[in-house]
Asks: 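Let me begin by handing over the structure; questions about it come next.
Naming convention: chains lettered A, B, ... in sequence-line order (proteins, then strands); numbering from 1 in each chain.
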2 protein chains.
Amino acid sequence: MFKAKITVTLRSSILDPQGKAVEHGLHSLGYQSVSHVRIGKHIELSVGVDSKAEAERIVREACERLLSNPVMEDFSFTLEPLKKPAHVKG
Amino acid sequence: MFKAKITVTLRSSILDPQGKAVEHGLHSLGYQSVSHVRIGKHIELSVGVDSKAEAERIVREACERLLSNPVMEDFSFTLEPLKKPAHVKG
């Protein structure tokens with residue numbers, strides 16, 4: 001079993017109005033030194049397979065088919081082994 | 001100048017309906033091995049100060065005051081030095 005941490009970000013050429021709004025909010029709070037705010041998604045999930053290669057294939061496909069918009073977004077992810085929870089025996 | 005990469009996640013005790021919807025979508029696409037989907041935010045921003053300690057203070061305050069909801073969410077971040085862009089002279 002593996003835990004995947006996925007980051008989905010807007011491509012740099014795509015305008016990010018949400019990031020602009022947050023930047024404006026931070027400036028209003030007095031944080032004038034903050035700039036280039038970009039907002040993306042962080043997704044964590046577990047993959048119940050034994051092989052890391054298989055987990056990687058599943059996560060990559062999930063990102064391409066559902067979790068990101070390949071026209072506007074890029075994704076990256078890390079995988080780490082996860083022990084089965086104690087209540088899942090065998 | 002520093003670049004901050006911030007991750008804001010829902011606390012594990014808080015239900016995540018968006019994550020449940022994504023999990024359901026992945027199962028519908030055939031990825032039955034995926035579980036425990038949780039959705040958070042990924043925020044990137046630049047902080048135009050010289051000291052790393054000062055950048056850390058600003059990002060921490062920004063997270064506490066605007067970027068996260070301290071009742072429901074946790075945040076973590078990394079800071080890395082960033083060269084000034086070439087068009088910003090002096």
Asks: Taking B:Ile39, B:Val22, B:Val34, B:Val49 one by one, which has the highest count of heavy-atom pairs under 4.5 Å against chain A?
Replies: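 Answer, by heavy-atom pair count under 4.5 Å with chain A: B:Val34.
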Asks: Find the one option among A:Gly48, A:Gly40, A:Ala62 whose heavy-atom pairs under 4.5 Å with chain B are most numerous.
Replies: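 The candidate making the most pairs under 4.5 Å is A:Gly40.
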Asks: For chain A, which candidate among B:Val59, B:Val8, B:Leu26 shows the most heavy-atom pairs at distances under 4.5 Å?
Replies: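 Counting heavy-atom pairs under 4.5 Å, the top option is B:Leu26.
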Asks: So, A:Arg11 and A:Glu73, do they make that salt bridge, N to O below 4.0 Å?
Replies: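 Answer for the salt bridge query: no.
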Asks: Counting only heavy atoms from other residues, nucleotides and ligands, does the tally under 6.0 Å from NE2 of A:His24 exceed 12?
Replies: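 Count not over threshold, so no.
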Asks: I'd like to know if A:Lys52 pairs up with A:Glu56 as an ion pair, taking the criterion as any Lys NZ or Arg NE/NH1/NH2 lying under 4.0 Å from an Asp or Glu carboxylate oxygen.
Replies: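 A:Glu56 and A:Lys52: not salt-bridged.
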Asks: Quick check on A:Leu67 against chain B: is it the side chain, the backbone, both or neither that has a heavy atom closer than 4.5 Å?
Replies: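 For A:Leu67, the side chain is the part near chain B, not the backbone.
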Asks: Please determine whether a side-chain nitrogen of the Lys or Arg among A:Glu61 and A:Arg57 lies less than 4.0 Å from a carboxylate oxygen of the Asp or Glu.
Replies: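 Salt bridge present between A:Glu61 and A:Arg57.
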Asks: For residues B:Tyr31 and A:Leu45: do they belong to one hydrophobic cluster (side chain heavy atoms under 4.5 Å, members Ile, Leu, Val, Met, Phe, Trp, Tyr)?
Replies: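 Linked, B:Tyr31 and A:Leu45 end up in one cluster.
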Asks: Given heavy-atom pairs under 4.5 angstrom as the criterion, report whether the side chain, backbone, both or neither of A:Ser35 touches chain B.
Replies: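 Both parts, backbone and side chain.
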